[in-house]
Amino acid sequence: MIILHHLNNSRSQRVLWLLEELGLPYELKRYERDPKTALAPPALLAVHPLGKSPIITDNGVAVAESGAIIEYLLDKYGAGRLRPESEIDRRRFTYWLHYAEGSAMPPLLLSLVFSRVAQAPAPFFVRPIARAIADKVRKAFIDPQINLHFDFMEKELGKSLWFAGEEFSAADIQMSFAVEAAAARGALEKNRPKLSAFLKRIHARPAYQRALEKGGPYDLMH
């Protein structure tokens, strides 16, 4: 039996969605973030040494990292589904599967970190300095990087309906978190209609809706 160790408000939502798309039987084991720190609870350390989510266990085998989990599930249970057949589309599939975490998410995470730095409690004489530094980093590096990546994604979606071709694939599931996080921060409002349309298409999928119902709502601004 596949067990998804699901942390609320996290990227494990994508794995839950994939399980629903594949129609696989699974058990959902829930974990809640610490309300003060927003960190994963220590209980996850018993599942994997890093104590992070997503993690699945399958008959005693623990698999961590979103991309690795997706590949594992497709290899073992996919039966050719949600992965392109053509060589060209398969290369695109592999690229986007790894691009999502390797390239797209870092500037978004930096944006979150520096927004917290600017808002964090501090002595009154330190607060304006911290905010000025965070603001400068965002304007000089983080925001330009976010715009660079999402302009790139917008252009790539002009080549095909989905990230890895004309058919929906697990690469779209993997890419969804970055696109939704960008949308939550208003990064799609600036002339990115293809990415906005991508979100509408994935939100309309029954498996996405089932996963959201089972996994619970999540706040990508935090």
**Prompt:** Arg81 side chain to Gly78 main-chain N or O, any donor-acceptor pair under 3.5 Å?
**Reply:** yes
**Asked** Does Arg90 reach the main-chain N or O of Pro84 with its side chain, forming a donor-acceptor pair under 3.5 Å?
**Response** yes
Can you check whether [X] reaches [Y] side chain to side chain, under 4.5 Å on heavy atoms?
| X | Y | value |
| --- | --- | --- |
| Val179 | Leu188 | yes |
| Arg14 | Ser176 | yes |
| Lys214 | Glu20 | yes |
| Lys76 | Glu71 | no |

**Prompt:** Between Gln174, Arg92, Met175, which is the residue that forms a side chain to side chain contact (heavy atoms under 4.5 Å, CB included) with Phe163?
**Reply:** Met175
Determine, using the 4.5 Å side-chain heavy-atom cutoff (strictly less than), whether [X] and [Y] are members of one ILVMFWY cluster.
| X | Y | result |
| --- | --- | --- |
| Met105 | Leu50 | no |
| Leu148 | Ile142 | no |
| Tyr77 | Leu4 | yes |
| Leu74 | Tyr99 | yes |
| Ile55 | Leu22 | no |

Considering non-hydrogen atoms only, spot the tightest contact between [X] and [Y] and give its length.
| X | Y | result |
| --- | --- | --- |
| Ala170 | Ile70 | CB-CG2, 3.7 Å |
| Ala100 | Ala104 | O-CB, 3.4 Å |
| Gly215 | Arg30 | O-NH1, 3.6 Å |
| Gly51 | Ala40 | O-CB, 3.6 Å |
| Ser169 | Phe93 | OG-CD1, 3.6 Å |
| Pro41 | Leu7 | CD-CD1, 3.8 Å |

**Prompt:** Do Arg83 and Asp89 pass the salt bridge (charged side-chain N to carboxylate O under 4.0 Å, His left out) test, and can you show the C-alpha distance, the side-chain angles, and the key distance before you say yes or no?
**Reply:** CA-CA 9 Å; Arg83 189 154 45 186; Asp89 288 346; over 6 Å; no
**Prompt:** Is the Phe198-Trp96 ring centre distance short of 6.0 angstrom?
**Reply:** no
**Prompt:** Do Tyr31 and His6 make the cut of ring centroids closer than 6.0 angstrom?
**Reply:** no
**Request:** Check the pair Trp162, Ile202 against side-chain contact (heavy atoms from CB on, under 4.5 Å), reporting the backbone distance first and the verdict last.
**Result:** CA-CA 10 Å; Trp162 299 100; Ile202 66 173; 3.7 Å; yes
Interatomic spacing from [atom1] in [X] to [atom2] in [Y] - rounded to 0.5 Å:
| X | Y | atom1 | atom2 | value |
| --- | --- | --- | --- | --- |
| Ser66 | Glu101 | OG | CD | 5.0 Å |
| Ser53 | Gln13 | OG | CD | 10.0 Å |
| Leu44 | Arg33 | CG | CZ | 10.0 Å |
| Arg201 | Asp172 | CZ | CG | 8.0 Å |
| Glu167 | Glu85 | CD | CD | 9.5 Å |
| Lys52 | Leu45 | NZ | CG | 9.0 Å |

Determine, for [X] against [Y], whether the closest basic-nitrogen to carboxylate-oxygen distance falls under 4.0 angstrom.
| X | Y | answer |
| --- | --- | --- |
| Lys194 | Glu156 | no |
| Glu21 | Arg205 | yes |
| Arg192 | Glu154 | no |

**Asked** After noting the C-alpha distance and the side-chain angles of Thr57 and Ile2, does the key distance pass the side-chain contact (heavy atoms from CB on, under 4.5 Å) rule?
**Response** CA-CA 6 Å; Thr57 50; Ile2 299 168; over 6 Å; no
**Prompt:** Any side-chain donor-acceptor pair under 3.5 Å between Glu27 and His5?
**Reply:** no
**Prompt:** Could you walk me through whether Ile3 and Ile56 pass the side-chain contact (heavy atoms from CB on, under 4.5 Å) check?
**Reply:** CA-CA 5 Å; Ile3 301 174; Ile56 64 166; over 6 Å; no
**Request:** Let me see the working for Ile69 and Leu18 under side-chain contact (heavy atoms from CB on, under 4.5 Å), right down to the final yes or no.
**Result:** CA-CA 10 Å; Ile69 293 171; Leu18 175 62; 5.7 Å; no
**Message:** Working note: Asp58 + Tyr26, criterion side chain to side chain donor-acceptor pair (under 3.5 Å); need CA distance, chi angles, decisive distance, verdict.
**Reply:** CA-CA 9 Å; Asp58 184 19; Tyr26 64 90; over 6 Å; no
**Asked** Between Trp17 and Tyr208, what is the ring plane arrangement, given parallel below 30°, perpendicular above 60°, and tilted in between?
**Response** perpendicular
